[in-house]
Amino acid sequence: MKKLVSLAVMAAFMVSPAAAEEKVLHVYNWSDYVAEDTIKKFEEKTGIKVTYDVYDSNEVLEAKMLAGSSGYDVVVPTSDFMQRQIAAGVYAKLDKSKLPNLKNMDPDLMKAAANYDPGNEHGIIYMWGTTGIGYNVKAVAKRLGDKAPTDSWSLIFDPANAAKLKDCGISFLDAPTEMIPAAMNYLGLDPRSTKKADLEKGAELLTKIRPFVRYFHSSQYISDLANGDVCVSVGWSGDVFQARDRADEAKKGVEIGYSIPNEGALQWFDMLTIPADSRHKDNAHAFINFLMDAHITANNTNYVWYANANKASMPFVEQEIKDDPGIFPPKEVLAKLWGSKVYNKKTDRIITRLWTKIKTGK
Ligand code: N2P
């Protein structure tokens, strides 16, 4: 009898940590960023119940992460934000032995992401994209003619053009670390400059355009572009393509285009990470590994129109998406893109202050 009891005790101790973990997972991801069936497929495969919340701003995610005890097990910061959050101790190191699908990832893109996280120790690329211009082809042509500069930031950063587009609606992303550098770049300044004077010049231009901007928001523009409620949005590549897709389906004659302006644009990487205080790290690894499955990745890209960094998924990505220069830009366009700058506290404060001024128009 004694022996039996001790065997039972031993068995209890031998339960692996994975089995000991509650079968739940809390995910916090960008809105409009996953295929409709992905979460269901993961739940069915693993028996892990997923709570899936969304945001549309790195600043919102960062505030939650720095406050701690978010309750989330997987979150998706953009690489520049991730870097400074890693420095603040926000993320756990990944256990790569639990991520066999890492072999599917494109080594060159992972190397680019390693600039923000040496050795890719804390994050795996989920999707990547550019910050460019979404526009309503007909509404813009009506106001600026057939030669409207839709391939240039002058479409909205030249006040004369912006004024003519005011009535059909311009929207800006509520993303200061993307909008101010885009304005700096248009002015011929280094978009990655952290000089106060340069940031102020970018802000000055945006303030000049401010009277012609209907709103600052980072997800509303998808449906507004699709419905013809705004005609030009500074937006994220895949989101604009989703708007185009919705417009096509609605068959109301709204035609949406996306351009990576020829002056250049921001290229960003969104990273799958595990908060250090996650209580379901095994489940989190299982989820990240699942997302790196070639078919799952391809299915997500085919749905959200964002480029992924998963080489093995490419044969399953729709040809139309693979061939679209706005999603997978050709070499000469890639060469014109800049990478997100990691801002220190001081620069961050300057940007936040400038942004408040821009938005209030003062
Ligand atoms: C998805 C937006 C993700 C891009 N809606 C922002 N990095």
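In this chain, residues are counted from 1 in sequence order. Remember, it's 1-based here, ligands and their atoms both numbered in the order they're listed.
The pair Lys45-Asp293 does not meet the salt-bridge criterion, since no charged nitrogen lies less than 4.0 angstrom from a carboxylate oxygen. A salt bridge does not link Lys281 to Asp95: none of the charged side-chain nitrogens sits closer than 4.0 Å to a carboxylate oxygen.
Sorted by first then second residue, the side chain to side chain donor-acceptor pair (under 3.5 Å) pairs that include residues 124-134, not counting sequence neighbours, are Thr130-Tyr258, Thr131-Glu178, Thr131-Trp236, Thr131-Trp268.
Of the polar atoms of Trp30, none of the N or O atoms is found under 3.5 Å from an N or O of ligand 1, judged by distance alone.
Close approach to Asp32 involves these atoms of ligand 1, each under 4.0 Å from a residue heavy atom: 5 (N). Every atom of ligand 1 is numbered from 1 in the order shown, and the set under 4.0 Å from a heavy atom of Asp270 is 3 (C), 4 (C), 6 (C), 7 (N). Which parts of ligand 1 touch Thr78 is read off a 4.0 Å heavy-atom cut-off, strictly below it: atoms 7 (N). Near Ser31, meaning under 4.0 Å from any of its heavy atoms, are these atoms of ligand 1: 1 (C), 5 (N).
Although no hydrogens or angles enter the test, the distance criterion places no donor-acceptor pair under 3.5 Å between the side chain of Trp153 and the main chain of Pro261.
Ligand 1 lies nowhere less than 4.0 angstrom from a heavy atom belonging to Gly129.
In this view, Glu318 satisfies the salt bridge (Lys or Arg N to Asp or Glu O under 4.0 Å) rule with no residue, not counting sequence neighbours.
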